[in-house]
Amino acid sequence: MEAKEVGRGRIESINISSGGVPKKYAFVVNVQRDRVEGDDQENKAHHGGPEKAVCLYSKDLIDELVREGHPIVPGSTGENLTISGLRWSEIVPGTRLRIGEVVLEVASYTSPCKKIGASFRDNYFNRISQKLFPGWSRLYARVLSTGQVKVGSEVIAEAPNA
């Protein structure tokens with residue numbers, strides 16, 4: 001059974017850090033089974049590992065948040081890949097994202113925490129809580145196929161298997 005495409009987007013920013021936020025821009029990275037090469041997390045109990053190997057967020061939502069007055073920029077909320085052009089509310093657990101040879105599968109929504117508060121007016125980091133604002137959350141993805149990702153790469157989103 002062929003997967004149903006639900007959208008196409010583009011990698012706008014790749015963001016890595018030796019720990020903490022904001023993450024800094026990188027043009028190209030290797031995506032490994034349990035992490036993005038060059039990226040590390042301070043709190044391994046809540047970040048990283050096979051089910052949280054890659055954190056994703058929408059450039060389109062970042063732009064909307066800026067219009068609302070938030071000082072958010074790509075990487076400031078800890079996402080590794082900032083993607084434009086996808087209807088973010090349709091990117092749900094089980095969705096597969098193909099980026100060249102790399103295949104990611106959305107595993108879960110993230111929970112925002114106070115460490116990303118500087119990205120939001122009045123430190124209101126819950127502005128991207130899935131529970132409070134469905135469709136505005138960052139996402140964690142597992143890696144199904146490893147490889148290299150570059151800024152500008154096409155992202156093909158496929159619906160979860162029914």
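Residue numbers run from 1 in the order of the sequence given.
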**OP:** Can you measure from CG (L139) to CG (L81) and round to the nearest 0.5 angstrom?
**Re:** 11.0 Å
**OP:** State, with a plain yes or no, whether a side-chain heavy atom of T95 is found less than 4.5 Å away from one of V106.
**Re:** yes
Subject >> Pairing of R98 and E158 as salt bridge, 4.0 angstrom limit >> reply: yes
**OP:** Identify the heavy atoms of R121 and H70 that sit nearest to each other, and give their distance.
**Re:** N-ND1, 2.9 Å
**OP:** Answer yes or no: is there a donor N or O on one side and an acceptor on the other, between the side chain of W88 and the main chain of S137, under 3.5 Å?
**Re:** yes
**OP:** Using atom types as modelled and distance alone, determine if a side-chain donor or acceptor of D60 lies under 3.5 Å from a backbone N or O of G85.
**Re:** yes
Subject >> Sub-4.5 Å side-chain heavy-atom contact between V21 and T77 >> reply: no
Original post:
Going from CG on L86 to NZ on K59, what distance comes out if it is rounded to the nearest 0.5 angstrom?
Top reply: 14.0 Å
Original post:
Out of curiosity, L61 CG to I72 CD1, how far, rounded to the nearest 0.5 Å?
Top reply: 8.5 Å
**OP:** Could you tell me the separation between the CD atom of E79 and the OH atom of Y140, rounded to the nearest 0.5 Å?
**Re:** 11.0 Å
**OP:** To the nearest 0.5 Å, tell me how far Y124 OH sits from L65 CG.
**Re:** 11.5 Å
Original post:
Do Y25 and P74 come close enough that some side-chain heavy atom pair is under 4.5 Å?
Top reply: no
Subject >> Non-hydrogen side-chain atoms of N15 and T82 separated by less than 4.5 Å >> reply: yes
Subject >> Residue pair I128 / P112, side-chain heavy-atom distance below 4.5 Å >> reply: yes
Subject >> V151 reachable from Y57 in the ILVMFWY side-chain graph, under 4.5 Å edges >> reply: yes
Subject >> Nearest-0.5 Å distance, CD1 of residue I116 to CZ of residue F125 >> reply: 7.5 Å
Original post:
Is it true that a side-chain atom of S119 and a backbone atom of S76 form a donor plus acceptor pair closer than 3.5 Å?
Top reply: yes
Subject >> E12-S84 side chain donor-acceptor pair, cut-off 3.5 Å >> reply: yes
Subject >> Residues R67, D63: salt bridge by 4.0 Å N-O rule >> reply: no
Original post:
Can you check whether L144 reaches L104 side chain to side chain, under 4.5 Å on heavy atoms?
Top reply: no
Original post:
Would I83 and V73 show up in the same hydrophobic cluster when neighbours are defined by side-chain heavy atoms closer than 4.5 Å?
Top reply: no
Original post:
Hey, does V155 have a side-chain heavy atom less than 4.5 Å from the side chain of R8?
Top reply: no
Original post:
Can a cation-pi geometry be assigned to R138 and Y109, taking NZ or CZ under 6.0 Å from the six-membered ring centre and within 45° of the ring axis?
Top reply: no
Original post:
Which heavy-atom pair separates W136 from Q130 by the least distance, and what is that distance?
Top reply: N-OE1, 4.0 Å
**OP:** Can you establish whether the number of heavy atoms outside R33 located under 6.0 Å from its atom CZ is more than 12?
**Re:** yes
Original post:
Should I16 and V29 count as side-chain neighbours, where that means a heavy-atom distance under 4.5 Å?
Top reply: yes
**OP:** Please name the residue in the list N80, I14, V31 that meets the side-chain contact (heavy atoms from CB on, under 4.5 Å) test with D39.
**Re:** N80
